[in-house]
Novice: 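A single structure is presented below for examination.
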Amino acid sequence: MSKLRLAVIGCGDIASFTALVSRLVPQVSLSACCDVNAERAQGFARRHGIKQVFTDYADLLERAAVDAVYLAVPHHLHYPMVLQAAGAQKAVFVEKPITRTLPEGLALVEKIGTARIGVNYQYRYDSACYALARAVQAGALGKIHSMRINIPWRRTQAYFDGAPWHKTIAQAGGGTLITQGSHFLDLALWALGEPPVSAMGYTATPTFAVEVDTLAHGIVETRSGTLINISSSMAAAVEQAVTIEAYGERGTAFYRNLPLPSVKWIGVKVRRESPPERGVHALQRSMAGFADWILHDKPFLTPAVSTLPVLAAVDGIYQSAVTGARIYIDRSLNLQP
Ligand SMILES: NC(=O)c1ccc[n+]([C@@H]2O[C@H](COP(=O)([O-])OP(=O)(O)OC[C@H]3O[C@@H](n4cnc5c(N)ncnc54)[C@H](O)[C@@H]3O)[C@@H](O)[C@H]2O)c1
């Protein structure tokens, strides 16, 4: 196999971006697409030169000539669709989060066994996030005692009205924390290389008449005692830069995603590492990484099992927000980011 024949399932918001950057990945061929909304599927196929178009996922799995599927569908569909695709012997690249809840994620990873399932936490492939994570992993900042993540993002009512599944816990699993915050919490856990062991949190729903959180604050403790403090919002008046600060015994790393991803080192000199794939955007590098994993067995940064720790941390913050208690995460799960 020299090219990965990929089917895009769910031709909505993120799929449009992913399809554009995937066209820059030479080892990927966009070969089929599927959406329950036939007009959307047809329009997507036209824009990306795709000939095999479906409105039924099972039909696509049975008839399309593809090696892998990219699932960009609402969160509650991740679990059944990953299982179905794995059962049809397809490699799967599923959008984050792996599933809507931790029990679903744990059950899924157990059921898929050795099947190749990747999750699109593309910030692990962001050039500056990658440099920060590798510096932390290499011990360049010394032991990290604290990380602080701030995501002051803005969504409009149209975001919820255009895709109403985002409004409900039953379909989305939660709001800003699981949908946006989990990207950067995943990055922090991966950088630290440690599972979360406890979490506390508060959630609120300013600005929008929806069931899910549009503001979430949480503290996650990792196995060696690092405290990660996260604030994730969809309700900022103006969208501002995401920042990640990592405070170590020898120095600090400071990440900003705007105007371009950058990382500054304070108190230490660090030899900056580049992500293992080339490309103009993290989404492109993440897709290239997935394709190289399937085609050439090159290590991929976000295999399914490595994204369970962030789901456990999100689950802990949500449970704490409801109960008011500190939530202890089951250590026997052996979660490894
Ligand atoms: N990686 C990122 O940066 C990023 C950014 C945004 C969204 N996402 C993730 O992408 C996924 C999709 O989010 P979105 O914002 O694009 O949602 P969306 O609502 O814009 O798109 C989802 C699409 O799935 C289609 N769909 C629903 N049920 C289907 C089915 N049974 N078969 C085929 N198609 C079906 C819908 O018609 C819709 O077109 C979510 O997991 C979300 O968290 C990731």
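Atoms within a ligand are numbered from 1 in the order they appear, just like the ligands themselves. Throughout, numbering of the chain's residues begins at 1 and tracks the sequence.
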Novice: Whether the Ser224 and Lys143 side chains hold a donor-acceptor pair (N or O, under 3.5 Å, no angle test) is what I'd like checked.
Specialist: yes

Novice: I'd like the name of whichever of Ala282, Pro74, Gly162, Gly10 reaches closest to atom 27 (C) of ligand 1 through any heavy atom.
Specialist: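 Of the listed residues, Pro74 has the closest heavy atom.
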
Novice: Quick one: does Phe17 get within less than 4.0 Å of ligand 1, heavy atoms only?
Specialist: no

Novice: To which protein heavy atom is atom 35 (C) of ligand 1 closest, and what is the distance rounded to 0.1 Å?
Specialist: Val36 CG2, 3.7 Å

Novice: Starting from atom 41 (O) of ligand 1, find the nearest protein heavy-atom neighbour and note its residue, name and distance.
Specialist: Lys96 O, 2.9 Å

Novice: Looking at side-chain heavy atoms only, is the closest gap between Arg63 and Phe54 below 4.5 Å?
Specialist: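 Yes. Closest side-chain heavy atoms under 4.5 Å.
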
Novice: Of the listed options (Arg100, Glu95, His183, Gln122), which comes nearest to atom 44 (C) of ligand 1 when hydrogens are ignored and any heavy atom counts?
Specialist: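 Residue with the shortest heavy-atom distance to the ligand atom: Glu95.
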
Novice: What is the closest protein heavy atom to atom 6 (C) of ligand 1, and at what distance does it sit?
Specialist: Ile14 CB, 3.7 Å

Novice: Which ligand 1 atoms are under 4.0 Å away from a heavy-atom of Arg40?
Specialist: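 Near Arg40, the atoms of ligand 1 are 37 (O), 38 (C), 39 (O).
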
Novice: At a 4.0 Å threshold, what atoms of ligand 1 neighbour a non-hydrogen atom of His166?
Specialist: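 This gives 15 (O) as the contact atoms.
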
Novice: Can you sort out which atoms of ligand 1 are near Asn120, meaning under 4.0 Å from one of its heavy atoms?
Specialist: 1 (N)

Novice: Is there a side-chain contact between Ser232 and Phe184 in this structure, where contact means two heavy atoms from C-beta onward sitting under 4.5 Å apart?
Specialist: no

Novice: Please round to the nearest 0.5 Å and tell me the distance separating atom OG of Ser306 and atom CZ of Arg124.
Specialist: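 It is 4.0 Å, given to the nearest 0.5 Å.
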
Novice: Please find the pair of heavy atoms, one from Pro337 and one from Pro309, that lie closest to each other, and give the distance.
Specialist: N-CG, 3.5 Å

Novice: Ignoring angles and geometry beyond distance, decide whether Thr179 reaches within less than 3.5 Å of ligand 1 through its nitrogen or oxygen atoms.
Specialist: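 It does not: no N or O of Thr179 is found under 3.5 Å from an N or O of ligand 1.
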
Novice: Between Asp126 and Arg285, does any NZ, NE, NH1 or NH2 come within less than 4.0 Å of an OD or OE carboxylate oxygen?
Specialist: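 Here Arg285 does not pair with Asp126 in a salt bridge, since their nearest N and O are not under 4.0 Å apart.
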
Novice: Measure the distance from atom 22 (C) of ligand 1 to every protein heavy atom, then report the residue, atom name and distance (to 0.1 Å) of the closest one.
Specialist: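 Scanning the protein heavy atoms, the shortest distance from atom 22 (C) of ligand 1 goes to Ala72 O, 3.5 Å.
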
Novice: Looking at every non-hydrogen atom in both residues, tell me the closest pair between Tyr159 and Met234 and how far apart they are.
Specialist: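 Looking at all heavy atoms of both residues, the closest pair is CE2-SD, 3.8 Å.
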
Novice: Around atom 28 (N) of ligand 1, find the nearest protein heavy atom and jot down its residue, atom name and distance.
Specialist: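 Checking every protein heavy atom, the shortest distance to atom 28 (N) of ligand 1 gives Leu77 CD1, 3.3 Å.
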
Novice: Provide the number and element of each atom of ligand 1 under 4.0 Å from a heavy atom of His78.
Specialist: 41 (O)

Novice: Nearest heavy-atom pair of Phe290 and Gly118: which atoms, and what distance?
Specialist: CE1-N, 4.2 Å

Novice: For the side chain to side chain contact (heavy atoms under 4.5 Å, CB included) test, which of Leu311, Ile169, Val212 pairs with Ile178?
Specialist: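 For Ile178, the side chain to side chain contact (heavy atoms under 4.5 Å, CB included) check succeeds only for Leu311.
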
Novice: For the pair Phe44 and His48, name the ring-plane relationship: parallel under 30°, tilted 30 to 60°, perpendicular over 60°.
Specialist: tilted

Novice: If only side-chain N and O atoms count, and only distance matters, is there a donor-acceptor pair under 3.5 Å linking Tyr121 with Thr307?
Specialist: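 Note: Thr307 and Tyr121 side chains miss the donor-acceptor criterion.
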
Novice: Give, for atom CD1 of Ile151 and atom CD of Glu239, the distance between the pair rounded to the nearest 0.5 Å.
Specialist: 10.5 Å

Novice: Identify the protein heavy atom lying closest to atom 31 (N) of ligand 1, giving its residue, its atom name and the separation to 0.1 Å.
Specialist: Met81 CE, 3.4 Å

Novice: Does Asp13, backbone or side chain, put an N or O under 3.5 Å from an N or O of ligand 1?
Specialist: yes

Novice: Could you list which atoms of ligand 1 come closer than 4.0 Å to a heavy atom of Ala163?
Specialist: 19 (O)

Novice: So which protein heavy atom does atom 21 (O) of ligand 1 come closest to, and at what separation?
Specialist: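 Looking only at protein heavy atoms, the one closest to atom 21 (O) of ligand 1 is Gly12 CA, 3.4 Å.
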
Novice: Which option, Asn37, Asp35, Ile178, owns the non-hydrogen atom nearest atom 37 (O) of ligand 1?
Specialist: Asp35

Novice: What protein heavy atom sits nearest atom 42 (C) of ligand 1, and how far off is it?
Specialist: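 Protein heavy atom with the smallest distance to atom 42 (C) of ligand 1: His75 NE2, 3.6 Å.
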
Novice: Between Trp165 and ligand 1, find which residue part has any heavy-atom pair under 4.0 Å and reply side chain, backbone, both or neither.
Specialist: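 It is the side chain that gets close, since no backbone atom is under 4.0 Å.
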
